[in-house]
Amino acid sequence: MRKLSDVALVLAGVLYPFIVYFGSDHVSPPMFGLILGGLWLIRAPALLRRPGGGWMLGVTLAYCAVLALGGEEHLLRWYPSLICGLLLAVFGLSLKFGPPVIERIARVTEPDLPPVAVAYTRKVTWVWVAFFAANGTASGVLAAWGNLSWWTFYNGVLAYTVMGALFVGEWILRQRLRRRINQAPMNAAAHRLDSHPWVERAMGGYAGKQGPGMAVALSAAGRLALLRHGRAGLVSELGQQAAGDDALATPMVWRFVETLPDVATVDALLQAPLPAMARITGERKDGDTLVLELSLPLDLDCFSDHFPQAPVLPGVTQVDWAIDLAASRLATPRACRAIDQLKFQRLLRPGDIVELALRYDAARGRLHFVYRDAQAPYSSAHLQLAGANGDA
């Protein structure tokens with residue numbers, strides 16, 4: 001019932017100018033007063049538990065009582081000004097006695113606001129104080145001297161357009177402030193990481209809802225540590241280095257890359273999921289064989305689990321890549337019926353650069369693949385593809 005009354009009261013406030021414009025010839029001011037008063041009385045228990053709720057309720061009920069006891073039709077136009085006056089008082093008094101209204105709202109989702117955010121919420125509260133003062137004044141002038149059409153357009157369209165612009169503008173500024181708040185400790189963390197032997201260079205950023213993050217270009221020693229300790233080992237070691245004595249400087253998201261992105265794109269990198277596929281750096285035809293040059297990202301998604309302390313590209317992933325890449329480039333079926341002569345001769349690790357050779361025998365429906373470098377193959381197999389011409 002309480003939620004329903006909240007929705008009804010909000011809708012009544014939003015649609016009130018149009019209700020008055022279209023309904024004043026059909027509904028008397030006393031009836032308007034009784035309906036509004038009833039909605040506010042339903043909200044009374046919740047309002048009385050809030051600071052200042054009692055006097056707000058008293059003022060609005062007094063206004064509704066005047067309407068219900070035979071108030072003139074002209075008084076209907078003063079309701080928007082009354083609401084603006086009440087909100088002006090609430091926001092303004094919160095600036096004097098604290099905490100500001102916007103700060104209270106912000107602490108519902110982020111209880112531990114930093115000082116710079118507290119100062120920002122106070123400025124935003126001042127903006128809304130100015131808006132309510134200007135809006136209430138304009139609405140009152142139109143209620144007293146403007147015609148009904150102008151009053152309806154201002155209160156039902158123009159005022160809400162300005163409010164929407166304020167909400168959007170504040171949201172944009174808030175995101176910038178959030179990035180700046182998160183960026184400050186990340187800059188210090190990146191500076192500390194730059195002195196670690198595993199790090200060639202680090203850059204902090206913001207990973208959206210996941211929190212602050214760090215992009216790290218590993219040195220030769222860092223890549224060796226990745227092979228020996230895995231992603232979990234690197235995150236544990238570098239996390240301690242990044243934090244130093246400041247727990248807020250601990251990155252929540254890590255990306256290990258060959259080279260760091262531009263400052264403008266580091267946030268996008270941190271917000272993106274870990275890569276699930278090797279990076280294709282080249283492609284050529286060698287007779288009837290397609291040769292793809294692949295680079296395995298340092299933070300390939302599967303390396304996190306296979307294995308946490310010793311990352312190795314899973315054999316099933318190697319087969320899946322061969323099937324998918326052949327299907328996209330050679331138009332082969334994606335379903336595999338059988339695997340013959342499967343050989344895993346060497347391990348594929350983070351940062352490896354290899355060739356994937358694909359040869360398709362359409363008559364027999366067989367795809368041969370081999371992962372190799374200049375020295376020797378890593379793995380190979382013959383795949384019998386389902387649905388191919390040679391599939392019995």
Side-chain angles (χ1 to χ4, degrees), residues 198 200 216-234 256-259 274-386 388 390:
W198 292 356
E200 183 176 303
V216 178
L218 296 175
S219 64
R223 296 188 184 193
L224 182 60
L226 177 61
L227 299 181
R228 290 179 174 176
H229 308 293
R231 178 182 176 85
L234 255 67
F256 299 113
V257 294
E258 303 283 346
T259 57
L274 294 176
M277 184 70 180
R279 187 170 62 256
I280 300 174
T281 59
E283 184 173 338
R284 71 179 189 275
K285 289 285 288 186
D286 186 3
D288 60 351
T289 301
L290 174 67
V291 180
L292 302 174
E293 298 174 9
L294 306 179
S295 175
L296 273 61
L298 298 176
D299 55 2
L300 194 68
D301 187 32
C302 61
F303 287 149
S304 299
D305 299 318
H306 193 276
F307 298 95
Q309 280 77 40
V312 176
L313 187 66
V316 66
T317 301
Q318 298 178 43
V319 175
D320 285 345
W321 286 0
I323 293 174
D324 289 343
L325 291 171
S328 63
R329 285 162 170 78
L330 302 177
T332 59
R334 290 184 179 273
C336 180
R337 185 172 63 86
I339 302 178
D340 299 324
Q341 302 178 40
L342 179 61
K343 299 177 182 178
F344 295 108
Q345 296 159 285
R346 291 191 292 163
L347 299 177
L348 282 169
R349 312 293 303 278
D352 282 346
I353 298 176
V354 298
E355 290 184 345
L356 171 59
L358 300 168
R359 186 178 72 252
Y360 181 53
D361 184 346
R364 302 173 62 193
R366 289 170 66 85
L367 173 68
H368 175 256
F369 76 83
V370 57
Y371 291 89
R372 69 195 184 192
D373 61 13
Q375 284 72 43
Y378 286 90
S379 63
S380 61
H382 290 273
L383 308 179
Q384 184 67 49
L385 301 181

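Atoms considered below: every heavy atom in the structure, side chains included; atoms not considered: hydrogens, waters and symmetry mates.
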Atom pair [atom1] ([X]) and [atom2] ([Y]), whose distance is rounded to the nearest 0.5 Å:
| X | Y | atom1 | atom2 | value |
| --- | --- | --- | --- | --- |
| Trp321 | Leu356 | CH2 | CG | 9.5 Å |
| Gln375 | Arg346 | CD | CZ | 6.5 Å |
| Arg284 | Leu292 | CZ | CG | 9.5 Å |

Legend entry - Least distance between heavy atoms, Tyr360 atom then Pro333 atom: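 Reported closest heavy-atom pair: OH-CD, 3.9 Å.
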Inset, instruction - Quick one: closest heavy-atom pair of Leu342 and Ile339, and the distance? - result: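 Closest approach of Leu342 to Ile339, heavy atoms only: CB-CG2, 3.9 Å.
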Legend entry - Pairing residues for Phe369 by the ring pair (Phe, Tyr, Trp, His ring centres under 6.0 Å) criterion, not counting sequence neighbours: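 For Phe369 the ring pair (Phe, Tyr, Trp, His ring centres under 6.0 Å) partners, ignoring immediate neighbours, are Tyr371.
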Side-chain contact test, heavy atoms from C-beta onward, threshold under 4.5 Å: evaluate it for [X] versus [Y] and give yes or no.
| X | Y | result |
| --- | --- | --- |
| Cys302 | Leu313 | yes |
| Leu234 | Leu218 | yes |
| Leu325 | Met277 | yes |
| Arg349 | Leu296 | no |
| Glu258 | Arg223 | yes |
| Phe303 | Leu226 | no |
| Leu294 | Ile280 | yes |

Inset, instruction - Evaluate whether atom NZ of Lys285 has more than 12 neighbouring non-hydrogen atoms of other residues, nucleotides or ligands under 6.0 angstrom away. - result: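 Count over threshold, so yes.
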Inset, instruction - Please check if atom CZ in Arg334 has more than 12 non-hydrogen atoms from other residues, nucleotides or ligands closer than 6.0 Å. - result: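 Buried by this count: over 12 neighbours within 6.0 Å.
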Can I get a per-line list of side-chain donor-acceptor pairs under 3.5 Å for residues 376-383, giving both atom names and the distance, sequence neighbours left out?
residue: Tyr378; atom: OH; partner: Asp373; partner atom: OD2; Å: 3.1
residue: Ser379; atom: OG; partner: Gln318; partner atom: OE1; Å: 2.6

Legend entry - Selection residues 299-310 - residue pairs positive for side-chain hydrogen bond (donor to acceptor under 3.5 Å, both in side chains), sequence neighbours left out: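 side-chain hydrogen bond (donor to acceptor under 3.5 Å, both in side chains) check on residues 299-310 returns Arg255-Asp299.
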Inset, instruction - Sorted by first residue and then second, give each side-chain hydrogen bond (donor to acceptor under 3.5 Å, both in side chains) pair with at least one member in residues 288-298; sequence neighbours left out. - result: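 Counting only pairs at least two positions apart or across chains, the side-chain hydrogen bond (donor to acceptor under 3.5 Å, both in side chains) contacts touching residues 288-298 are Arg279-Ser295.
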Inset, instruction - Among Arg366, Gln384, His368, find the residue that satisfies the side-chain hydrogen bond (donor to acceptor under 3.5 Å, both in side chains) test when tested with Asp340. - result: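 For Asp340, the side-chain hydrogen bond (donor to acceptor under 3.5 Å, both in side chains) check succeeds only for Arg366.
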Legend entry - Partner set under side-chain contact (heavy atoms from CB on, under 4.5 Å) for Ala326, not counting sequence neighbours: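 For Ala326 the side-chain contact (heavy atoms from CB on, under 4.5 Å) partners, ignoring immediate neighbours, are Leu330, Thr332, Leu358, Leu367.
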Inset, instruction - Under the salt bridge (charged side-chain N to carboxylate O under 4.0 Å, His left out) rule, collect the residues that match up with Arg372, sequence neighbours excluded. - result: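 If we apply the salt bridge (charged side-chain N to carboxylate O under 4.0 Å, His left out) test to Arg372, skipping adjacent residues, the hits are Glu355.
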